Amino acid sequence: MIDIQYIRENPDLVAQKAAQKGYPVDISHLLELDKIRRDKLTYIESELASRNVHSKWLGKEGGPSSEENREKGRRIKENVARARAELEPIEVEYQEMLRAVPNMPLADVPVGASEDENVVVKTVGAPPEFDFTPRHDYQLGELHDLIDKERAAKIAGSRFAYLKGDLVRLQFALIQFVMGELTNEQLIKKLVDENNLNISTKPFTPVLPPAMLRTEPYRASARLNAEEVTYKIEQDDLWLQASAEHTLCTMYWNEILPEDMFPIRYLGYATSFRREAGTYGKDEEGIFRMHQFDKLEMESFTTPETGLAEHKLHIAIQEHLMQKLGLPYQLLQKCTADIGKPNAAGVDINCWFPGQGKYRETHTADYMTDYQARDLKIRIRRKKRPVSEFAAATGQETAYSGGGDVQLVHTADATAFAMSRTLKAILENFQTRDGHIIVPEILRPFMGGQLQI
RNA sequence: GGAAGGGUGUCCGAGUGGUUUAAGGAAACGGUCUUGAAAACCGUCGUGGGGCAACUCACCGUGGGUUCGAAUCCCACCCCUUCCGCCA
């Protein structure tokens, strides 16, 4: 969520930015509620203060604990109870409205009304030219007995699949490849340097997160989409995560972390679950849009000042991985309508799919600034500035010592590879006239040197 | 599923109705000392809200209740740990 203080000071800007994202929130009504809420709180607090004074007085050794004085205490208690009852519905509506305010897009995020207005930043690699009609993933899958959706439908319903044989080996090769790259500090350093990012070169730590999470942290992450995306296990009041990001970004829920932990860089691998409600009839063929798919996901927690650079590192890594694999893609700067509620900025990578003859989304990279961290209460305790530095900055001689400032962290997440879509891209882009699939060179070492499927 | 023990600040941990204004310790930060460091010593040090500020309010797993007054007493719930059972 956004800082209410900021909304008070910049109501028009917040309203304007929310409208750009397509979230019509009534900021003036929110501020009215905020005003009423604060007035009531002020009253309650003054009553509580008088209660404290009064009861302390009564509690004194041999204090004047007469019936009259106890009656006075009871009156204060009644006032507080009444004011709290009045506050409650306002508090509920206030919290709801505050959470409904989307994050503010950064200044350079293009304003647009739909994903059609995302801006193509660059196109890398050329779509392969075939002297035959390229096959779709499901056709290639059928040829080599790699995908069985019919039996999966019998067992689990539509949008599920049994993946088999060399396709599975390809997935594990992909995982091995990415693990090797992102845990390699030399590579991170190279990408940091090439992009002039001036941030840590610390490698990513691989994580296998839980696949389920509770309502409270999920809601606080601003990622819970109960209507369209997320599956619920009613019996146990748990949700199935729709991305490793959901169980990674919530990992430090309600914590204050020491500065020397930062940046925290995780590479999560998890099976992800999506209801795909409202997509009936869309992308039904093949394995492009599934209820269940495996995904490698980057998640970083950073200091406020390095958040944007971290986001850029994620993008650099995504491009590096795509280029190593040899897949043609476009990098898109997402416009205000498409970045999503908690995002301040975001990019997509759309990979070329010869079967459809289109670029389709395979990656996304999100930068949330402190929006997620505020509700998740994930904070960093900064090291104290040295006294001399403090004195220079403030002109004060007083030693600036003791515990360090507490700030909200910044979060950024990004797809490394979504398995099913990447496998589909590999199948279709590296297919041959006779229906074989050339194994990308970089993956061959992880497939026993196998050249083709 | 059965049983027991727990949940207090960044961490550990004391605290069974009113100087708790949450002890004490550790970590962290500043200083003294030192060639430098360590040690020792001195000092600072919970989070969140309101207020220009002095200051003030809340927070001891969560929600209710009792009381003039609750970390402390009562009720309900949640979570964690261990053991037994079942099980990959």
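All values reported here derive from a predicted model rather than from experimental measurement.
- Taking atom C1' on both nucleotides, B:rU56 is separated from B:rG5 by 39 Å, rounded to a whole Å.
- Residues meeting the side chain to side chain contact (heavy atoms under 4.5 Å, CB included) test with A:Glu86, sequence neighbours left out: A:Lys40, A:Arg82.
- When both distances must be under 3.5 Å, the Watson-Crick or G-U wobble mate of B:rU66 does not exist.
- Base pairing analysis places B:rC83 opposite B:rG2; the two distances defining the Watson-Crick or G-U wobble pair are each below 3.5 Å.
- Annotation: B:rC84 and B:rC45 have their C1' atoms spaced 46 Å apart (nearest Å).
- Near RNA chain B, meaning a heavy atom under 4.0 Å away, the residues from residues 46-53 of chain A are A:Leu48, A:Ala49, A:Arg51, A:Asn52.
- Put simply, CD on A:Glu259 is 14 Å from C1' on B:rU10, counting in whole angstrom units.
- The distance from the CD1 atom of A:Ile287 to the CD atom of A:Gln292 is 12.0 Å, given to the nearest 0.5 Å.
- Between the side chains of A:Asp413 and A:Thr411, no donor-acceptor pair of N or O atoms lies under 3.5 Å.
- Nucleic acid contact class of A:Lys77 (heavy atoms, under 4.0 Å, all strands): base.
- B:rU34 is unpaired under the Watson-Crick or G-U wobble criterion, no partner having all donor-acceptor distances under 3.5 Å.
- To the nearest whole angstrom, the two C1' atoms, one in B:rG1 and one in B:rC86, are 9 Å apart.
- In this structure, the nucleotide among B:rC68, B:rC80, B:rU47 sitting nearest to the side chain of A:Ser55 is B:rC68.
- A donor and an acceptor atom, one from each side chain of A:Asn103 and A:Asn343, are nowhere located under 3.5 Å apart.
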What nitrogen or oxygen pairs link the protein and nucleotides 48-52 of chain B at under 3.5 Å?
residue : atom : partner : partner atom : Å
B:rG49  : N2   : A:Glu45 : OE1          : 2.4
B:rG49  : N2   : A:Glu45 : OE2          : 3.1
B:rG50  : OP1  : A:Arg8  : NH1          : 3.0
B:rG50  : OP1  : A:Arg8  : NH2          : 3.0
B:rG51  : OP1  : A:Arg38 : NH1          : 2.9

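- As rounded to whole Å, 12 Å separates atom P of B:rC57 from atom CD1 of A:Ile76.
- Atom P of B:rG25 sits at a distance of 15 Å from the matching atom of B:rA14, rounded to the whole Å.
- B:rU44 atom P lies 17 Å from atom CZ of A:Arg381, rounded to whole Å.
- Taking both residues in full, the closest heavy atoms of A:Ile188 and A:Pro203 are given as CG1-CA, 4.1 Å, listed atom of the first, atom of the second, then distance.
- Atom-to-atom, CH2 of A:Trp253 to P of B:rC78 comes out at 15 Å; the value is rounded to the nearest Å.
- Rounded to whole Å, the C1' atom of B:rA27 lies 24 Å from the corresponding atom of B:rU21.
- For the residue pair A:His29 / A:Glu93, a side-chain donor-acceptor distance below 3.5 Å is found, with atom types taken as modelled.
- Between atom NZ of residue A:Lys424 and atom CD of residue A:Glu285 there is a gap of 8.0 Å, rounded to the nearest 0.5 Å.
- Between A:Ala100 and A:Val25 the shortest heavy-atom distance is O-CG1, 3.6 Å.
- A salt bridge does not link A:Lys17 with A:Asp12: every distance from a Lys NZ or Arg NE/NH1/NH2 to an Asp or Glu carboxylate oxygen is 4.0 Å or more.
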